[in-house]
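Have a look at the structure below before the remarks.
Positions are given from 1 along the sequence. On a predicted model such as this, the values are computed, not experimentally measured, just so you know.
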Amino acid sequence: MTKYTQASDLQLTQLLDELTQSGSASNELSRLVHELQVHQIELEQQNRELREVRAVLEESRERYADLYDFAPVGYLSLDAAGVVRGINLTGATQLGRSRGRILGRSLAGFVVPEDRRILRAHIAETLRASERRICELQMLPSETEPTRDGPVMMLESLLESGTSPARIRAILTDITERKQVDQERRERAAAVAAAASRHRLISGLERLSAAATKSFDPDTTLNELLRVIQDILQADRAWLLYPCDPAVTLVNIRAEVAVPGCPGETRSGRSIPVDPSLRALSQLA
């Protein structure tokens with residue numbers, strides 16, 4: 001058997017052929033040759049199956065590598081200190097550097113200084129929690145476009161179970177465009193609100209001006225002015241108090257207006273004590 005086990009496949013095949021063609025072979029030798037031939041056939045079949053499995057595995061590995069590298073989001077593997085231990089091509093592109101310039105470096109080195117505290121807190125929370133953690137980070141500009149602001153990234157991280165030392169799987173998603181759209185929407189809303197506020201102010205001033213010149217009677221004028229103010233502020237009841245001095249203990253209600261059906265009695269011409277809320281309002285005035 002030593003001779004058989006040490007022989008190459010070609011030598012073994014030639015030896016089997018010689019033994020088969022020899023007419024002087026004993027029964028024992030013939031049985032051994034038959035067993036070797038069967039074993040050789042089984043080995044060849046196993047080799048073919050292994051080659052087929054290997055081809056399938058290589059194809060799957062290449063397909064997985066393509067899916068991993070060219071996924072629409074960045075995939076990272078971080079250690080407990082936030083050092084990048086693995087990253088796909090998309091992630092490297094998002095950070096604006098080659099994989100060789102990223103691997104082995106802290107992810108914080110690619111984040112603007114003011115957001116590094118957010119990243120440290122995010123990693124600490126991920127190491128403690130069992131669920132996915134999310135944060136937003138402003139990244140540094142890429143090496144190819146150093147004058148442009150870096151992208152805004154959403155980092156989703158999850159602690160890998162059963163890893164020692166601890167490892168974190170993370171996903172990087174570029175949300176720069178979404179943040180810009182949100183910012184533009186907020187700016188448009190603020191501009192619309194400011195325009196509406198200016199319109200109300202101008203309209204209110206015009207109404208106050210008209211009310212001030214509507215009558216020569218001081219009491220009538222005060223009531224008209226107060227009614228305009230009540231309408232502008234959408235209040236149920238409005239008073240004109242005198243004096244507007246937080247140091248006094250009593251103030252006089254010089255004029256009063258209210259919407260129809262507003263509960264409470266009319267107090268025009270009466271004096272009321274100055275409570276803490278009214279004193280604080282007088283201080284603001």
Between Glu125 and Arg133, does at least one N-O distance fall below 4.0 Å, as a salt bridge requires?
->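 Salt bridge: yes.
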Any ion pair linking Lys179 and Asp182 (charged N to carboxylate O, less than 4.0 Å)?
->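 Salt bridge between Asp182 and Lys179, a charged N being under 4.0 Å from a carboxylate O: no.
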In Å and rounded to the nearest 0.5 Å, what is the [atom1] to [atom2] distance from [X] to [Y]?
X      : Y      : atom1 : atom2 : result
Ile118 : Leu137 : CD1   : CG    : 6.5 Å
Leu155 : Cys135 : CG    : SG    : 4.5 Å
Leu226 : Arg237 : CG    : CZ    : 11.0 Å
Asp79  : Ile123 : CG    : CD1   : 8.5 Å
Thr93  : Arg99  : OG1   : CZ    : 9.0 Å
Gln138 : Asp149 : CD    : CG    : 6.0 Å

Considering only heavy atoms from C-beta outward, does the side chain of [X] approach that of [Y] to under 4.5 Å?
X      : Y      : result
Val83  : Leu78  : no
Ser77  : Arg169 : no
Arg148 : Pro141 : no
Phe110 : Arg97  : yes
Leu172 : Thr90  : no
Ser209 : Glu206 : no
Leu107 : Leu76  : yes

Please answer: with hydrophobic residues joined when any side-chain heavy atoms are less than 4.5 Å apart, are [X] and [Y] in the same cluster?
X      : Y      : result
Leu233 : Leu208 : yes
Val248 : Tyr242 : no
Tyr75  : Ile134 : no
Leu225 : Ile232 : yes

So does [Y] get a backbone contact from the side chain of [X], meaning a donor-acceptor N/O pair under 3.5 Å?
X      : Y      : value
Asn252 : Arg270 : yes
Glu256 : Ile253 : no
Ser157 : Ala170 : no

Exceeds 12 heavy-atom contacts within 6.0 angstrom, atom [atom1] of [X]:
X      : atom1 : value
Gln183 : CD    : yes
Arg85  : CZ    : yes
Arg254 : CZ    : no
Asp245 : CG    : yes
Arg132 : CZ    : yes

To check you understand the geometry: which heavy-atom pair defines the closest contact between [X] and [Y], and what is its length?
X      : Y      : result
Ala211 : Thr221 : O-CG2, 4.1 Å
Leu250 : Val274 : N-CG2, 3.9 Å
Val112 : Met139 : CG1-O, 3.7 Å
Arg116 : Ala108 : NE-O, 3.0 Å
Leu127 : Ala166 : CD2-CB, 4.1 Å
Ile87  : Ala92  : CD1-N, 3.6 Å

After noting the C-alpha distance and the side-chain angles of Val111 and Leu140, does the key distance pass the side-chain contact (heavy atoms from CB on, under 4.5 Å) rule?
-> CA-CA 5 Å; Val111 178; Leu140 290 172; 6.0 Å; no
Can a donor-acceptor pair be found between the side chains of Arg227 and Gln230 at a distance below 3.5 Å?
->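 No donor-acceptor contact under 3.5 Å links the two side chains.
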Is it the case that Glu184 and Gln180 place a side-chain donor and acceptor less than 3.5 Å from each other?
->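 There is no such pair between these side chains.
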Step by step, would you call Asp174 with Met153 a side-chain contact (heavy atoms from CB on, under 4.5 Å)?
-> CA-CA 5 Å; Asp174 192 335; Met153 294 290 178; 4.0 Å; yes
Go through Ile229 and Leu240 one step at a time and tell me if the side-chain contact (heavy atoms from CB on, under 4.5 Å) criterion holds.
-> CA-CA 10 Å; Ile229 293 173; Leu240 176 62; over 6 Å; no
Picking from Gln94, Glu136, Glu156, what satisfies side-chain contact (heavy atoms from CB on, under 4.5 Å) with Thr173?
->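 In the set Gln94, Glu136, Glu156, the residue that makes a side-chain contact (heavy atoms from CB on, under 4.5 Å) with Thr173 is Glu156.
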Asn223 and Val257: side-chain contact (heavy atoms from CB on, under 4.5 Å), yes or no, with the steps?
-> CA-CA 7 Å; Asn223 279 280; Val257 293; 4.2 Å; yes
